[in-house]
Number of protein chains: 2
Amino acid sequence: MADIPDRRARRRAETQDEILGLALGVMAEEGVAGLSMSTVARRLGVQPPSLYRYFPSRTAVYDALFERGQRQYLDAVRRAAEPHPPGLRALGASYEAGAQWIMDNQVLAQLLFWRPVPGFAPSPQAYAPALDIHAHFAGLIRGAVERGELHPDAAGDDGLALAASLIAGLVSQQLANEPDAGCTEGRYTRLVPRLPGVLASVYPPS
Amino acid sequence: MADIPDRRARRRAETQDEILGLALGVMAEEGVAGLSMSTVARRLGVQPPSLYRYFPSRTAVYDALFERGQRQYLDAVRRAAEPHPPGLRALGASYEAGAQWIMDNQVLAQLLFWRPVPGFAPSPQAYAPALDIHAHFAGLIRGAVERGELHPDAAGDDGLALAASLIAGLVSQQLANEPDAGCTEGRYTRLVPRLPGVLASVYPPS
DNA sequence: GAGTATTAGCTAATGGCATTAGCAAAAGCT
DNA sequence: AGCTTTTGCTAATGCCATTAGCTAATACTC
């Protein structure tokens, strides 16, 4: 019956995935820090200690979710920018896609961007995509500068920090105050499309 | 010995205050959601159940801290604005004082603005000052409009939302990425003094 | 000052949690 | 078929929040 090189490994990976999905559900209901291995085990139809065959600790579950989230988010913002040349348009598309992803994946986003879990710090490999995310936005802003859409200062340290803070601010306000609103209706996230314009008025091309 | 109307009530209030202080310390070490009644009791030199004479539950401790935080923060931003007439200058001073307070009281700030504790929602009375905070900033922005420092749109829904998001963005980025930096040195919070200028370039007076 | 009510502490107990140890059955491999 | 690896289980440990019930001290009343 060895029709597939490693059947067991595949089933194992499936189970791990199922555990992560259930964990997300629990976190959505109980809060990010409210993840309970026992609850996940119950929903999986298994005794709590059996989970430890798949993840060595609760922290490891967080870490796997962290990495998965980083990759999904990076994918979302990259894909959104792809159709455009690097510049303000691409930046706007990335902003919007990022905000959308965050509102659609709130618990994952909290884990990624706000670290609400005492004792959890992402492993270096789980954190790696975060650097790519930063590089992605930096690249778009440099592109906007080269196209004459922004003042060169926008690509400096302060400009990049401000650009990152603009989106972080809208999204964090939206999550804190109106977490159930859709991205396009929320009092805060509906302003996301205006961010490229905000950046341009702060850093008008020379 | 009844030299003071209610001696016991005073001692009780002192103990409650001491508990809140110890709780803040534990939260600073273990994370906001890592507050443990048992740890607080140990530090107070008392058995865990005795804490329940002072707070009916762990959630009640969070609630008391929430209210205390709201009041302190409101005080800080109000006091900073006082010397100035309502306008961009006062707004800048409030922004800076608020950012400073948050960086100096990170755990309290997380409790106030990011709700990282599953199952905790502030009671209406603990939440009350939050409305005053909003009104404070709205008043400053209206003042800036009246003084001709900002376009009237700045005092609309979108303008107020953007103004709140600007400071939220810088601070949340600072906390997430460089929590140990001082407010004036941090890559993000050092941009706080520029926020009135940012707002003015987005909403230039007609 | 004696008596009474209130308060603040204690210990013991309950039920939940993450995690570890050790065992038994199943699944795959040779 | 026999061996190894994997996956599940139960039992146990030590933590937690919280409740119940008791005792000593503290303050108030007469």
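Chain identifiers are assigned alphabetically (A, B, ...) following the order of the sequence lines, protein sequences preceding nucleic acid strands; residue numbering begins at 1 within each chain. Below, all heavy atoms of this structure are taken into account, side chains as well, without hydrogens, waters or symmetry copies.
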Query - Neighbour count above 12 (heavy atom, 6.0 Å) for B:R187 CZ - result: yes

Requested in this report: Answer yes or no: does atom CZ of A:R43 have more than 12 heavy-atom neighbours from other residues, nucleotides or ligands under 6.0 Å?
Outcome: yes

Report task. Identify the heavy atoms of B:R12 and B:R53 that sit nearest to each other, and give their distance. Result -> NH2-O, 2.8 Å

Once you round it to whole Å, what is the distance between [atom2] of [N] and [atom1] of [X]?
X     : N      : atom1 : atom2 : result
A:L51 : C:dA21 : CG    : P     : 17 Å
B:Q16 : C:dA8  : CD    : C1'   : 13 Å
A:E14 : C:dA27 : CD    : P     : 15 Å
A:F55 : C:dT19 : CZ    : C1'   : 16 Å
B:L44 : C:dA8  : CG    : C1'   : 12 Å

Would a 4.5 Å heavy-atom cut-off, applied to side chains only, mark [X] and [Y] as touching?
X      : Y      : answer
A:Y203 : A:D158 : yes
A:V61  : A:Y54  : no
B:E30  : B:T39  : no

**Report entry** Distance below 4.0 Å between B:R12 side-chain N/O and C:dA8 OP1 or OP2
**Finding:** yes

Report summary line: Going 5' to 3' through nucleotides 8-18 of chain D and flagging B where a protein heavy-atom sits under 4.0 Å of the base, S where only the sugar-phosphate is that close, and - otherwise, we get BBBB----SSB

